[in-house]
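Some notes on the structure that comes next.
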Amino acid sequence: MPELPEVELYARYFAEQALRQEIARVEVRDERILGAVRKEALSRALRGNEFTRISRHGKHLFADVATQWVHFHFGMSGDLAYYTSEDEEPRFARVVFDFTNGAHLAFEDMRLFGVVDLTPSPGDFIREHRLGPDPLDPNFTLKRFREIVARRRGAIKAMLMSQEIIAGIGNLYADETLFQTGIHPRRPVNKLSHSDVKAVYSRMRRVLREVIERKARGASYPRTYLIPRREEGERCPKCGGTIRRTVVFGRTTYYCGRHQR
DNA sequence: TTCCATGTTCCGCA
DNA sequence: TTGCGGAACATGGA
């Protein structure tokens, strides 16, 4: 379930559970999950070392080990699991890091769209993959967002989901942001008013932060959100209109036919 | 059996 | 050059 908020929670989980433990071995259960790195090289780079710190950019997570960083991308179904007993290994574990203290950290990913890789540093990775700014980064100001918007055309939803423009927003949170700002997902970016742009900027960040904090407490989505009502014909929790379903930027899109214009 | 899924990439076309 | 639709990737659940 990984868009920015979920990956942020994985990052916190990783940092709390799996730092500063010597890595005994790396078990690759399915090589299709590896990016450019071969399993022998991954194992060699990690064995005898420890994860020392975690970094996140958009939907990407990085774990510092010795002179390199392990890069994780969670695809559609990736997750992390830290456990001490072998029989707790997740069914779809693809890579398992065994620690000398007997604990394990598994990267699980049923659908195999995720990636485990090595990279010299998060900065190198971000440049190489041309990722846009992380929307929760303190340097990502409204001014910067306006500059990005000014250079663009096309549907607002496509812009929000393009990782080279802004890194971390996926299908659900793009829809949620537009639902809360009352903007139709197909509205061209150049037809947004000055205040629309500000609203999108603020709502996007509020949604991301709110979801992180709520999920960190084990809570579900607020009842005012669109996310729990992603179904054709549902009632809009904001205005009582009807929830519509369509396709934008290749993804199933839900919006309120009444208040999103 | 068929459709759908929180993602990314590549190709072709306008 | 930019933007977008479609297909492909792999797999399980409704």
Side-chain angles (χ1 to χ4, degrees), chain A residues 1-11 13 28-36 56-61 71-80 90-95 107-117 119 125-126 128-132 134-136 148-180 184-192 204 207-208 210-212 214-215 220-221 225-234 243-255:
Chain A
M1 355 180 283
E3 290 183 41
L4 188 153
E6 292 74 32
V7 178
E8 172 61 24
L9 294 168
Y10 297 169
Y13 177 79
V28 178
R29 300 263 185 269
D30 192 319
E31 294 190 48
R32 290 174 295 176
I33 206 70
L34 300 179
R56 179 192 63 72
H57 187 94
K59 304 172 191 173
H60 301 265
L61 188 153
H71 159 244
F72 299 88
H73 188 269
F74 297 89
M76 294 274 268
S77 55
D79 202 350
L80 294 174
R91 180 172 165 201
F92 299 105
R94 306 302 189 185
V95 177
F107 175 91
E108 54 176 317
D109 182 11
M110 177 181 84
R111 290 171 65 189
L112 284 165
F113 285 171
V115 174
V116 177
D117 237 341
T119 184
F125 184 90
I126 291 162
E128 186 182 341
H129 293 264
R130 300 181 179 181
L131 294 178
D134 185 285
L136 294 186
I148 290 169
V149 169
R151 277 188 263 115
R152 276 234 139 206
R153 300 176 278 128
I156 176 66
K157 176 166 178 176
M159 189 196 102
L160 293 178
M161 287 188 66
S162 296
Q163 303 299 297
E164 328 81 65
I165 308 299
I166 304 164
I169 312 282
N171 199 29
L172 262 53
Y173 299 116
D175 280 0
E176 189 63 47
T177 297
L178 297 173
F179 172 80
Q180 293 194 20
H184 192 287
R186 279 205 188 81
R187 174 110 69 91
V189 171
N190 54 315
K191 290 196 176 162
L192 293 174
M204 167 178 72
V207 164
L208 297 172
E210 192 166 50
V211 171
I212 291 167
R214 289 185 70 105
K215 287 196 174 185
S220 52
Y221 293 106
Y225 270 39
L226 168 68
I227 289 177
R229 299 164 195 268
R230 293 177 69 80
E231 195 164 348
E232 174 100 63
E234 271 275 9
I243 300 302
R244 304 291 182 198
R245 179 194 152 125
T246 183
V247 173
V248 179
F249 199 50
R251 306 301 303 274
T252 304
T253 298
Y254 295 90
Y255 67 99

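Throughout, protein chains are lettered first and strands after them, A, B, ... in sequence-line order, and every chain is numbered starting at 1. The figures here come from the full heavy-atom set of this structure, side chains too, leaving out hydrogens, waters and symmetry mates.
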> Which nucleotide, dT8(B), dA5(B), dT6(B), lies nearest any side-chain atom of Pro2(A)?
Replying inline: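 Comparing dT8(B), dA5(B), dT6(B) against the side chain of Pro2(A), the answer is dT6(B).
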> Tell me, which pairs form a salt bridge (charged side-chain N to carboxylate O under 4.0 Å, His left out) where one or both residues lie in residues 160-172 of chain A, sequence neighbours left out?
Replying inline: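 Residue pairs with at least one partner in residues 160-172 of chain A: there are none.
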Take the protein atom [atom1] of [X] and the nucleotide atom [atom2] of [N], then report the distance between them rounded to whole Å.
X         : N      : atom1 : atom2 : value
Glu3(A)   : dA5(B) : CD    : C1'   : 12 Å
Gln163(A) : dT9(B) : CD    : C1'   : 13 Å
Leu112(A) : dT6(B) : CG    : P     : 18 Å
Arg111(A) : dT8(B) : CZ    : P     : 12 Å
Ile169(A) : dT8(B) : CD1   : P     : 12 Å

> NA contact type, Phe92(A), heavy-atom cut-off 4.0 Å: base, sugar-phosphate, or nothing?
Replying inline: sugar-phosphate
> With stacking defined as ring centroids separated by under 5.5 Å and planes differing by under 30°, is Tyr173(A) stacked against dT6(B)?
Replying inline: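 A stacking contact does not exist, since Tyr173(A) is not both close and nearly parallel to the base ring of dT6(B).
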> Would you say dA5(B) has OP1 or OP2 under 4.0 Å from some side-chain N or O of Thr252(A)?
Replying inline: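 The answer is yes; a side-chain N or O of Thr252(A) sits under 4.0 Å from OP1 or OP2.
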Just the table, please: protein N/O against nucleotides 4-8 of chain C N/O, every pair under 3.5 Å.
unit_1 : atom_1 : unit_2    : atom_2 : d
dC4(C) : OP1    : Ala155(A) : N      : 2.9

> So what is the 5' to 3' dot-bracket string for DNA chain C, if pairs are Watson-Crick or G-U wobble with both distances under 3.5 Å, crossing pairs use [ ] and | means the partner sits on another strand?
Replying inline: .||||||||.||||
